[in-house]
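Order of the sequence lines fixes the chain letters, A, B, ..., with proteins taken first and strands second; residue numbering starts at 1 for each chain. No experiment lies behind these values; they were computed from the predicted model shown.
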Amino acid sequence: MRSHRAGSLRTEHVGATVRLGGWIHRVRDLGGVVFIDLRDRDGLVQLSFDPKWTPREALAVAGSVGQETVVLVEGTVELRPEAARDATMSSRDVEVRVSAIRVVGPAEVPAIPVSRKEGEELPAEELRLKNRILDLRRPELQRNIMLRHRLLQRSRRTLADLDFLEIETPILTKPTPEGARDYLVPSRVHPGEFYALPQSPQIYKQLLMVAGYDRYFQIARCFRDEDLRADRQPEFTQIDIEASFVGAEDVYRVVEQVLVALWDEAGEPIVAPFPRLTWREATERFGIDKPDLRFGFEIRDLSPFVRPDAAEFLRSALAAGQRVRGILAPGMAGLSRKDLDHLTAAAKGAGAGGLIWARRSESAWEGQGTKAFGLEGLAALGGSAGDMLLAVAGADGVTSPALHAVRSDLVRRPGVQPSTPHAFCWVVDFPLFEHDAESGQFVPAHHPFTAPHPEDVEFLERDPGRCRALHYDAVYNGNELGSGSIRITDPAVQRTIFRLLGIAPDEIRRRFGFLLDGLAAGAPPHGGFALGFDRITMLLAGATSLRDVIAFPKTTAARALFEGAPTPVNAADLRALHLRVED
RNA sequence: GGGGCUGUAGCUCAGCUUGGUUAGAGUGCCGCACUGUCACUGCGGAGGUCGCGGGUUCGAGCCCCGUCAGCCCCGCCA
């Protein structure tokens with residue numbers, strides 16, 4: 001039916017007779033002549049209707065079609081009479097002089113606009129989600145969805161070229177009641193029994209290693225029944241990778257190649273290898289395990305500079321073994337009272353008791369911080385005129401998030417320039433366990449299949465909190481792109497971990513027996529990674545929400561507004577599944 | 001589970017501070033005019049359960065209580 005896409009026509013097509021199909025984006029009816037912008041996934045082209053070349057019936061159609069109607073047109077490609085300068089049209093230099101037009105898909109007046117005026121706000125997100133097909137027609141979303149396609153293809157090609165096998169794992173899986181809540185699926189043929197949708201293919205991919213498929217990948221859909229955010233959806237996609245006979249270095253190299261390929265696909269050249277930071281270093285210098293390395297403003301330990309006659313709360317914090325840490329921010333002395341209040345609120349919001357500051361004017365330091373650190377202390381810090389010192393006292397668990405909040409605020413201020421557009425890094429040597437204050441238990445910092453750091457195995461039993469893991473995160477501009485680890489392959493070690501996590505032997509058997517049996521069947525050393533594909537696409541598309549890179553996303557209440565899910569089911573269906581709904 | 005913001009015409013918003021006649025604007029839609037526009041232009045018109053429920057009041061879009069939905073954040077997300 002079509003010879004070309006509307007948005008693909010260029011000057012090289014001048015003179016050609018073309019047949020196009022697309023949607024009516026905009027109509028400009030001047031009475032005698034009519035102009036229509038025709039849209040398809042390649043973009044827009046101007047259709048020109050003129051009695052000189054357009055039959056009367058076709059002119060009548062052009063003057064009466066409504067927005068979003070689907071038409072087939074035939075005509076010839078011509079250069080526009082004057083040098084057209086409409087940069088919004090991909091085919092701006094040419095137009096199609098129409099000889100025939102036919103309406104093939106009449107459209108109701110759209111509930112939300114597809115073509116917007118310059119500067120016109122987007123409709124409310126609720127309406128965009130309810131009218132998703134109209135929203136998906138917008139060129140911005142079409143670009144995002146097409147970029148997503150290219151990134152998917154490029155990751156497949158890159159990994160296949162590296163000799164990775166794409167292998168699918170089940171969507172109906174075994175519940176592993178740990179970590180996030182599972183989405184459950186009732187079994188009809190086994191009353192009272194349930195499948196779970198996978199939170200990730202973790203165990204399956206490890207078993208594939210045991211089975212000898214030594215390089216695996218999957219573009220895997222994962223499901224977690226947790227509360228949502230702008231960057232979190234109940235179902236999401238990850239590029240899941242696992243390889244045998246590898247160490248962390250091998251995994252870094254593979255993941256770096258994938259990321260370089262993806263950024264290249266989006267037109268952003270980057271270089272590998274990425275710098276590395278230990279988890280301890282990251283939290284010490286940046287207050288967080290996913291530092292944004294595009295900016296300075298590093299955190300320093302100011303404890304040694306606190307004067308003996310400093311305020312009581314500072315001295316008692318030090319006496320309690322806590323620290324005073326802060327950021328010496330170059331050129332920030334101009335922050336107003338209001339700015340400082342804002343920064344203080346940010347620090348307090350992250351748990352700090354308050355924020356101490358001192359600013360260095362041309363000649364002297366001023367502010368409450370001068371008393372805390374004294375002029376000698378401030379001099380020893382090495383600040384120069386125009387600098388601002390911002391400090392927080394407390395346990396590291398308090399000062400780190402507080403100073404991260406302060407730093408995040410600072411880097412968003414006008415005039416603060418990133419040193420580079422793309423700052424990747426590896427954060428390595430994460431702790432194996434975290435202590436859960438609520439239960440008093442150790443819980444896995446990531447998942448219970450992560451191998452302990454070989455140097456720390458001795459601490460496993462006597463000081464689990466001190467044990468590092470062979471776990472690593474890929475971080476980009478302050479965003480976690482994904483994480484991975486070298487896995488435990490010794491069933492005895494795996495049992496020990498389960499035991500330390502307080503899981504009873506029979507429970508271990510019931511939940512993880514199939515994994516332990518697998519490891520006992522002859523397991524190669526292996527490890528892998530999972531990249532958050534939606535988040536990567538969002539970052540590369542310049543979008544601010546995952547919803548803008550997913551064709552049919554859910555709301556923050558996990559509802560699908562367009563199709564209307566979830567939904568109650570009728571009593572007969574429930575009976576067949578052996579379920580009864582209580583309220 | 002908790003906190004915040006938003007909800008008025010198909011769409012984007014104003015009106016709420018200080019309750020008071022017929023709730024406005026832009027755009028879209030409908031009609032008329034217009035032969036090179038590109039946010040076409042000009043003239044005319046239709047279009048509203050002010051999210052929903054309750055309360056206060058002589059009187060509520062506006063004040064109070066509740067509720068629903070969307071968004072953002074904390075908890076949570078091995």
Side-chain angles (χ1 to χ4, degrees), chain A residues 25-37 44-54 59 63-64 66-68 78 80-82 84-89 91-92 95 97 108-131 134-135 176-182 199-200 202-203 222-234 236 346 349-351 401 405 430 432-434 436 438 441-450 469 471 480 483 485 497-498 501 503 511-512 530 532 544-545 547 554-559 561:
Chain A
H25 192 68
R26 241 193 303 263
V27 179
R28 292 177 293 282
D29 184 349
L30 275 62
V33 296
V34 181
F35 299 99
I36 291 179
D37 295 341
L44 298 172
V45 73
Q46 173 167 285
L47 306 177
S48 147
F49 300 77
D50 188 306
K52 292 194 200 77
W53 53 75
T54 307
L59 262 169
S64 64
Q67 287 187 59
E68 298 309 310
E78 303 289 347
R80 289 195 179 196
E82 73 251 47
R85 63 262 93 131
D86 185 356
T88 61
M89 241 177 269
S91 51
R92 60 201 164 120
E95 65 179 17
R97 299 193 170 176
E108 292 172 359
V109 174
I112 58 172
V114 176
S115 75
R116 283 179 302 149
K117 302 270 180 183
E118 205 172 289
E120 188 180 339
E121 295 287 332
L122 278 175
E125 185 139 25
E126 186 175 359
L127 292 166
R128 292 176 48 205
L129 292 170
K130 275 185 181 146
N131 300 280
L134 292 173
D135 201 39
T176 50
E178 222 176 31
R181 276 183 283 267
D182 285 322
Q199 295 181 27
S200 90
Q202 180 63 32
I203 295 181
C222 305
F223 306 84
R224 290 179 193 172
D225 188 5
E226 293 292 345
D227 290 346
L228 307 173
R229 295 279 193 285
D231 62 349
R232 232 190 274 166
Q233 281 275 305
F236 58 97
F430 277 76
L432 186 59
F433 298 105
E434 279 167 7
D436 181 30
E438 207 175 303
Q441 271 276 335
F442 280 104
V443 296
H446 291 86
H447 58 59
F449 318 116
T450 305
H471 176 102
E480 182 192 324
S483 66
S485 62
I497 298 287
F498 286 142
L501 296 174
I503 310 175
R511 275 203 230 161
F512 301 110
T544 53
S545 164
R547 292 182 295 272
K554 308 275 191 292
T555 67
T556 49
R559 275 194 184 280
L561 295 183

*Asks:* Which pairs, protein N/O on one side and nucleotides 43-49 of chain B N/O on the other, fall under 3.5 Å?
*Replies:*
none

*Asks:* Across all strands, who's sitting opposite C71(B) as a Watson-Crick or G-U wobble pair, both distances under 3.5 Å?
*Replies:* G4(B)
*Asks:* In whole Å, what separates the C1' atom of G10(B) from that of G19(B)?
*Replies:* 30 Å
*Asks:* Under 3.5 Å between N/O atoms: give me all the protein pairs with nucleotides 29-33 of chain B, atom names plus distance.
*Replies:*
| from | atom 1 | to | atom 2 | distance (Å) |
| --- | --- | --- | --- | --- |
| C29(B) | OP1 | Q67(A) | NE2 | 3.2 |

*Asks:* When rounded to the nearest Å, what value does the distance between P atoms of A39(B) and G45(B) take?
*Replies:*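 28 Å, rounded to whole Å.
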*Asks:* I'd like the P distance from C72(B) over to U67(B), given in whole Å.
*Replies:* 23 Å
*Asks:* Detail all sub-3.5 Å separations between protein N/O atoms and N/O atoms belonging to nucleotides 7-10 of chain B.
*Replies:*
| from | atom 1 | to | atom 2 | distance (Å) |
| --- | --- | --- | --- | --- |
| G10(B) | O2' | A111(A) | O | 2.6 |

*Asks:* Could you check whether the side chain of R224(A) and the base of C77(B) have a donor-acceptor pair of N or O atoms closer than 3.5 Å, going by distance alone?
*Replies:*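 A donor-acceptor contact between them is absent.
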*Asks:* Should R28(A) be listed as having a side-chain N or O under 4.0 Å from OP1 or OP2 of U37(B)?
*Replies:*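 For U37(B), OP1/OP2 do not have a side-chain N/O of R28(A) under 4.0 Å.
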*Asks:* Indicate, with a heavy-atom threshold strictly under 4.0 Å, whether R229(A) touches base, sugar-phosphate, or nothing.
*Replies:*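 Base, at least one base atom sits under 4.0 Å.
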*Asks:* Using the ring-ring contact (aromatic ring centres under 6.0 Å, His included) criterion, which residues pair with H447(A)? Sequence neighbours excluded.
*Replies:* F449(A)
*Asks:* Indicate yes or no: does R547(A) engage E125(A) in a salt bridge with an N to O separation below 4.0 Å.
*Replies:*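 Salt bridge flag = yes for E125(A) with R547(A).
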*Asks:* Report the residues that fulfil side-chain contact (heavy atoms from CB on, under 4.5 Å) with R559(A), sequence neighbours left out, ordered by chain and then residue number.
*Replies:*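 Expected list: T555(A), L561(A), P566(A).
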*Asks:* Counting any heavy atom closer than 4.0 Å, what does S200(A) reach on the DNA or RNA strands: base, sugar-phosphate only, or nothing?
*Replies:* base
*Asks:* For U56(B) and G48(B), measure between their P atoms and round to the nearest Å.
*Replies:*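 My reading of the P atoms in U56(B) and G48(B) gives 30 Å.
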*Asks:* Going by purine N1 to pyrimidine N3 plus the second Watson-Crick contact, or the G-U wobble pair, all under 3.5 Å, which nucleotide sits opposite G26(B)?
*Replies:* C11(B)
*Asks:* Taking the P atom of each, how far is A69(B) from A33(B), in whole Å?
*Replies:* 50 Å
*Asks:* Please determine, for U56(B), whether a Watson-Crick or G-U wobble partner exists with both distances under 3.5 Å, and give it or none.
*Replies:*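 Paired with no nucleotide.
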*Asks:* How many Å lie between CG on L561(A) and C1' on G70(B), as a whole number?
*Replies:*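 The distance from CG of L561(A) to C1' of G70(B) comes to 8 Å, rounded to the nearest Å.
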*Asks:* Does U37(B) have a Watson-Crick or wobble mate here (both distances under 3.5 Å), and if so which one?
*Replies:*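 Pairing partner, where one exists within any strand: none, as none qualifies.
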*Asks:* Please state the P separation for the pair C50(B) and A60(B) - nearest whole angstrom.
*Replies:*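 C50(B) and A60(B) have their P atoms separated by 12 Å.
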*Asks:* Taking the P atom in each of G24(B) and G47(B), what is the distance between them to the nearest angstrom?
*Replies:*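 Comparing P positions in G24(B) and G47(B) gives a spacing of 13 Å.
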*Asks:* Mind checking R128(A) for me? I need base, sugar-phosphate or nothing, with any heavy atom below 4.0 Å counting as a touch.
*Replies:*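 The answer is nothing, as R128(A) stays clear of every strand by at least 4.0 Å.
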*Asks:* Toward the 5' end of RNA chain B, which comes first, E126(A) or D231(A), by nearest nucleotide?
*Replies:* E126(A)
*Asks:* Output the rounded distance in Å from CZ (R559(A)) to P (A69(B)).
*Replies:* 7 Å
*Asks:* Taking only the C1' atom of each, what is the distance from A23(B) to C30(B) in whole angstrom?
*Replies:* 23 Å
*Asks:* Using only side-chain N and O atoms of K117(A), determine if any of them is under 4.0 Å from OP1 or OP2 of G28(B).
*Replies:* yes
*Asks:* Would you indicate, yes or no, if G70(B) has its OP1 or OP2 atom less than 4.0 angstrom from a side-chain nitrogen or oxygen of T556(A)?
*Replies:* no
*Asks:* On a plain distance test, is the side chain of R80(A) in donor-acceptor contact with the base of C38(B) below 3.5 Å?
*Replies:* yes
*Asks:* The criterion is side-chain hydrogen bond (donor to acceptor under 3.5 Å, both in side chains); which residues satisfy it with R224(A), sequence neighbours excluded?
*Replies:*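 So R224(A) forms no side-chain hydrogen bond (donor to acceptor under 3.5 Å, both in side chains) with any residue.
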